[in-house]
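Everything quoted here is computed from the prediction, not taken from an experiment. Each chain gets a letter, A, B and so on, in the order the sequences are listed, and its residues count up from 1.
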Protein chains: 2
Amino acid sequence: MSISTRFSVGIHILSLLELNKESVNTSDYMAKSVNTNPALIRKITGMLKMAGLVNVRPGIAGATLAKGLSDMTLLDVYHAVNVTSDKELFGIHENPNPACPVGRNIQSSLEPIFSVAELALEKALGAVTIEDVVKEIIEKDKRSNSRKDSAI
Amino acid sequence: MSISTRFSVGIHILSLLELNKESVNTSDYMAKSVNTNPALIRKITGMLKMAGLVNVRPGIAGATLAKGLSDMTLLDVYHAVNVTSDKELFGIHENPNPACPVGRNIQSSLEPIFSVAELALEKALGAVTIEDVVKEIIEKDKRSNSRKDSAI
DNA sequence: TTAACATGTAATTCAAGTAGTTACAAGTCG
DNA sequence: CGACTTGTAACTACTTGAATTACATGTTAA
């Protein structure tokens, strides 16, 4: 199965907080941008808060960025929204037959290999900051706007 | 959610085919080693067959390796058992608000980033062959056996 | 040819995770 | 006080994974 869209929604939220920082970003407003419901936004925002990425307090409208954009990588978001802390990316079948040489060694043989692969993934995510994403969004928006203008 | 255990089971099957190549590896036998049921083994074996990794034919007992162990990487197995062909590893929320700069650019901004991360993962998996896994299993088994002997 | 056995596959069930939705308690502020 | 917001819990619908059962199809040997 795919990695939860909580990850991309988390990135969406952080990007939105930057690009819309002049206004108050309530869960209701952000839900409209993501196109989901406010409760889910609040849930994910809560996860981002736990990770120290956003400031948000009960009763006070709006969330704000808690750190500089260049200090937040996608890996931070990945860890914030994924419950991968207790669950590995790769699932390994449990209870293989201990009477079989393969069965009794497959798990311990695969774990370090899977770890290396997972770390490669995380390294790639850690190399991209939210600032990079925001810049990309701005660039893409400029390009599509200029295309639209020239078409008129 | 985690990547399906079909992946680790697929590796288990291929390793077993090598280490038990003197015997006939029926789905029933392999199911006992993996500790699951024969139908699931046949399903995964069928996927491995589609990928050209094993030979198996209706009515004829047992599966065999279709290629050399050093010519099979974990990435081959990953692609064989994962239906990732039509589904990306990272899920991106659909239908974000096109009226919002973030909403209308988030998907196209994230896709290439996620692709890079996914490729990093696949590169790591492609660097490990089934031969490596089999050697590791043999090594681990030797070590645990010698420990047992010395304990007597 | 037939009986025994193996693979291929469909259907069913159960469990778990995702995401959408509603509802409401708790907190804040004019 | 009253309007608004966040934090959560509960519920539903949906999807996927995995286990299980059943049976059609194919093969082999007696």
Side-chain angles (χ1 to χ4, degrees), chain A residues 1-10 12-13 17 23-32 34-50 54-64 66 81-97, chain B residues 1-10 12-13 17 23-50 54-64 66 78 81-97:
Chain A
M1 196 189 259
S2 295
I3 288 171
S4 170
T5 58
R6 283 196 304 272
F7 183 33
S8 61
V9 172
H12 187 135
I13 289 173
L17 290 183
S23 311
V24 177
N25 293 284
T26 63
S27 63
D28 206 70
Y29 174 83
M30 292 190 282
K32 287 195 176 73
V34 174
N35 192 26
T36 181
N37 59 82
L40 182 61
I41 295 293
R42 289 198 289 270
K43 188 175 180 181
I44 296 176
T45 303
M47 293 174 171
L48 296 176
K49 179 188 179 181
M50 291 282 289
V54 303
N55 299 314
V56 56
R57 279 154 50 190
I60 303 180
T64 57
V81 302
N82 253 5
V83 198
T84 18
S85 51
D86 59 337
K87 204 164 204 176
E88 303 292 331
L89 178 61
F90 292 96
I92 301 183
H93 55 294
E94 295 180 341
N95 308 316
N97 193 339
Chain B
M1 198 189 255
S2 294
I3 288 171
S4 169
T5 58
R6 283 196 304 271
F7 182 33
S8 62
V9 171
H12 187 135
I13 290 173
L17 290 182
S23 311
V24 177
N25 292 285
T26 64
S27 62
D28 207 69
Y29 174 82
M30 291 190 283
K32 286 194 175 73
S33 173
V34 173
N35 192 27
T36 182
N37 59 83
L40 182 61
I41 295 293
R42 289 197 289 271
K43 189 175 180 181
I44 296 176
T45 304
M47 292 174 172
L48 296 175
K49 179 189 179 181
M50 291 284 288
V54 303
N55 299 312
V56 56
R57 278 154 49 191
I60 302 180
T64 56
Y78 179 80
V81 303
N82 254 3
V83 197
T84 17
S85 51
D86 59 335
K87 205 163 202 176
E88 302 293 331
L89 177 62
F90 291 96
I92 302 183
H93 55 294
E94 296 180 341
N95 309 317
N97 192 341

Rounded off to whole Å, could you give me the [atom1]-to-[atom2] distance for the [X] and [N] pair?
X        : N       : atom1 : atom2 : answer
Ile3(A)  : dT16(D) : CD1   : P     : 16 Å
Lys43(A) : dA9(D)  : NZ    : C1'   : 10 Å
Ile44(A) : dG7(D)  : CD1   : C1'   : 14 Å
Phe7(A)  : dG17(C) : CZ    : C1'   : 18 Å
Leu40(B) : dT20(D) : CG    : P     : 10 Å
Met50(B) : dT9(C)  : CE    : C1'   : 14 Å
Ile41(B) : dA18(D) : CD1   : P     : 12 Å
His93(B) : dG20(C) : NE2   : P     : 10 Å

NA contact type, Gly62(B), heavy-atom cut-off 4.0 Å: base, sugar-phosphate, or nothing?
sugar-phosphate
Got a donor-acceptor contact below 3.5 angstrom from the Thr26(A) side chain to the Ala61(A) backbone?
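Flag not set: sc Thr26(A) to bb Ala61(A) has no pair under 3.5 Å.
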For Tyr29(B), which residues count as a ring pair (Phe, Tyr, Trp, His ring centres under 6.0 Å) partner, sequence neighbours excluded?
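If we apply the ring pair (Phe, Tyr, Trp, His ring centres under 6.0 Å) test to Tyr29(B), skipping adjacent residues, there are no hits.
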Under 4.0 Å: is that the gap between some side-chain N or O of [X] and OP1 or OP2 of [N]?
X        : N       : answer
Thr26(B) : dA6(C)  : no
Thr5(B)  : dG17(D) : no
Thr45(A) : dT6(D)  : no

What orientation do Phe7(B) and Tyr78(B) show, parallel under 30°, tilted 30 to 60°, or perpendicular over 60°?
perpendicular
Of all the heavy-atom pairs spanning Pro96(A) and Asn35(B), show the shortest one and how long it is.
CA-CB, 4.1 Å
Is there any protein nitrogen or oxygen under 3.5 Å from a nitrogen or oxygen in nucleotides 24-30 of chain C, and what are the pairs?
none

Going by the rule side chain to side chain donor-acceptor pair (under 3.5 Å), which residues pair with Asp28(A) if we only count those two or more places apart in sequence or in a different chain?
Lys32(A)
Using the test side chain to side chain donor-acceptor pair (under 3.5 Å), find all partners of Thr45(B) that sit at least two apart in sequence or belong to another chain.
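Thr45(B): no side chain to side chain donor-acceptor pair (under 3.5 Å) contacts found.
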Considering residues at least two apart in sequence or located in another chain, which fulfil the side-chain contact (heavy atoms from CB on, under 4.5 Å) criterion with Ala31(A)?
Pro38(A), Ile41(A)
side-chain contact (heavy atoms from CB on, under 4.5 Å) partners for Ala66(B), two or more places apart
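Counting only residues at least two positions away or on another chain, Ala66(B) forms a side-chain contact (heavy atoms from CB on, under 4.5 Å) with Asn55(B).
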Out of [options], which has the shortest distance to the side chain of [X]?
X        : options                 : result
Ala39(A) : dT6(D), dA6(C), dT22(C) : dT22(C)
Arg6(B)  : dT6(D), dT7(C), dG17(D) : dG17(D)
Ala61(B) : dT5(D), dT18(C), dA6(C) : dA6(C)

Just to verify, what does Lys49(B) make a salt bridge (Lys or Arg N to Asp or Glu O under 4.0 Å) with, not counting sequence neighbours?
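Listed in chain order: nothing, the list is empty.
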Once salt bridge (Lys or Arg N to Asp or Glu O under 4.0 Å) is applied, what residue pairs with a partner in residues 34-43 of chain A remain, sequence neighbours excluded?
none
Could you list by number each residue of residues 31-38 of chain B showing a heavy-atom separation from DNA chain D of less than 4.0 Å, or answer none if no residue does?
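Heavy-atom contacts with DNA chain D come from Thr36(B), Asn37(B).
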